[in-house]
Amino acid sequence: MKWLGWLARRAVELEIAMWRNLFRWVTGRGRRHGEGEEPFAYLGTVKPVLGVFIGLSIVEIPMFDLIVRNVVPWTPARWIFLGLGVWGVTWMLGLWAGMKTYPHVVGPAGIRVRQSSSVDFTIDWADVESVGKRHRSMPSAKSLQIEEAGERRVLHIVVGSQTSVDVRLRRPITVRLPKGSSEPVDEIRLQADDPDAFVRSARAAGTPADGAEVSASGPARRAGGRTGTSRA
């Protein structure tokens, strides 16, 4: 029965997140970033499909309401189906808003990796070995996937069954995932709409005071070290 409690709790969390995402979108809070921070969107791969679903759902609401009103004599049924239709559109808008207002961020502190409001952690520059562009098509559309690549553990943060940026780490970091588990990983692969700009920004920002330098595609040069942190 524990899984029923987890599902109920997760459903409530997703519902709250949906409304929070819409609030951030409407108020423009997702566009506020600190000095030297550059946001990178990842909505592009699913934007056309999600836009079509939202458009069709909006059109379906009055059409379905007309059908129910003429077929089902029980008046409350019309309002129930109407409410479900509006809720469905609102939920999809919340999904859109979450990806829009929680971008990845490259800045002086490191790379802030996000996926809507469910994933949010920062990779310190001291932990980054290299950042490179590489488009990958994943066999599964599951948003979070962990792969064992030899002795390395790779976390794929997938959007539209794709990733486009590889972030190799000098040492494992522990990442807290939405299910509550904490996973040590050696590499993170994520999706960015403009991976070239992401890599350029990482190279420009990833030279901290200790002399570390982030490489675009290979081992980084490092003169000193500092303790890296991750947060979720």
Side-chain angles (χ1 to χ4, degrees), residues 1-32 39-105 112-121 137-146 155-163 175-181 190-193 232:
M1 297 296 291
K2 288 184 178 180
W3 65 274
L4 286 175
W6 180 86
L7 284 177
R9 185 171 62 255
R10 185 62 179 156
V12 171
E13 290 173 352
L14 290 174
E15 190 71 18
I16 293 173
M18 177 192 73
W19 291 104
R20 184 172 58 242
N21 294 343
L22 287 172
F23 176 76
R24 285 173 57 88
W25 189 25
V26 171
T27 59
R29 294 194 174 190
R31 295 188 290 271
R32 302 173 188 172
F40 290 93
Y42 47 86
L43 178 63
T45 53
V46 295
K47 188 175 183 179
V49 175
L50 190 56
V52 168
F53 271 106
I54 292 173
L56 290 176
S57 297
I58 293 173
V59 172
E60 284 178 353
I61 290 175
M63 293 178 59
F64 201 68
D65 179 60
L66 180 63
I67 294 172
V68 172
R69 184 172 53 187
N70 289 288
V71 173
V72 182
W74 189 48
T75 303
R78 176 190 175 191
W79 297 108
I80 292 172
F81 283 108
L82 185 62
L84 288 173
V86 172
W87 176 82
V89 172
T90 304
W91 197 90
M92 284 188 285
L93 286 172
L95 180 63
W96 177 295
M99 289 189 284
K100 188 76 173 177
T101 61
Y102 290 93
H104 304 304
V105 179
R112 188 173 184 180
V113 180
R114 288 157 142 180
Q115 188 175 71
S116 189
S117 58
S118 60
V119 173
D120 188 350
F121 62 90
S137 295
M138 304 299 295
S140 169
K142 189 177 178 181
S143 58
L144 297 176
Q145 304 175 37
I146 293 183
L155 172 62
H156 300 266
I157 302 179
V158 181
V159 179
S161 300
Q162 296 180 34
T163 64
V175 176
R176 186 171 178 81
L177 302 181
K179 289 185 178 181
S181 61
L190 54 90
Q191 173 64 20
D193 293 344

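Excluded from the calculations below are hydrogen atoms, water molecules and symmetry mates; all remaining heavy atoms, backbone and side chain alike, are included.
- Other residues, nucleotides and ligands place no more than 12 heavy atoms under 6.0 Å from the CH2 atom of W91.
- With hydrogens and angles ignored, the 3.5 Å screen pairs a side-chain donor or acceptor of R24 with a backbone N or O of T101.
- In this structure, the separation between CG on L155 and CG on L190 is 9.0 Å, given to the nearest 0.5 Å.
- Q162 places no side-chain N or O within 3.5 Å of a backbone atom of Q191 that could act as its donor or acceptor partner.
- A 4.5 Å side-chain heavy-atom check between V175 and V113 finds every atom pair outside the cut-off.
- Within the model, atoms CD1 of I61 and CG of L56 stand 11.5 Å from one another, a figure rounded to the nearest 0.5 Å.
- F53 contributes atom CZ, which lies 13.5 Å from atom CD1 of I58 (distance to the nearest 0.5 angstrom).
- Rounded to the nearest 0.5 angstrom, H104 NE2 and Q115 CD are separated by 7.5 Å.
- By the salt bridge (charged side-chain N to carboxylate O under 4.0 Å, His left out) test, R78 is found to be paired with D65, residues two or more places apart in sequence or in another chain being considered.
- Among all heavy-atom pairs drawn from F40 and P103, the shortest one is O-CB, 3.4 Å.
- Within the 4.5 Å cutoff, side-chain heavy atoms of W19 are placed close to those of T90.
- Considering CZ of R20 and CD of E13, their distance stands at 9.5 Å, rounded to 0.5 Å.
- No side-chain donor-acceptor contact under 3.5 Å links R114 to the backbone of D120.
- Counting heavy atoms from C-beta on, the side chains of L144 and I157 come closer than 4.5 Å.
- The only member of I67, V68, L66 that meets side chain to side chain contact (heavy atoms under 4.5 Å, CB included) when paired with N70 is L66.
- Interatomic distance, OG of S116 versus CE of M18, reported as 11.5 Å (0.5 Å rounding).
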Quiz item: Given V46 and M99, is the side-chain contact (heavy atoms from CB on, under 4.5 Å) satisfied, shown in steps?
Solution: CA-CA 10 Å; V46 295; M99 289 189 284; 3.7 Å; yes
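- Between S140 and Q145, the shortest heavy-atom contact is O-NE2, 3.0 Å.
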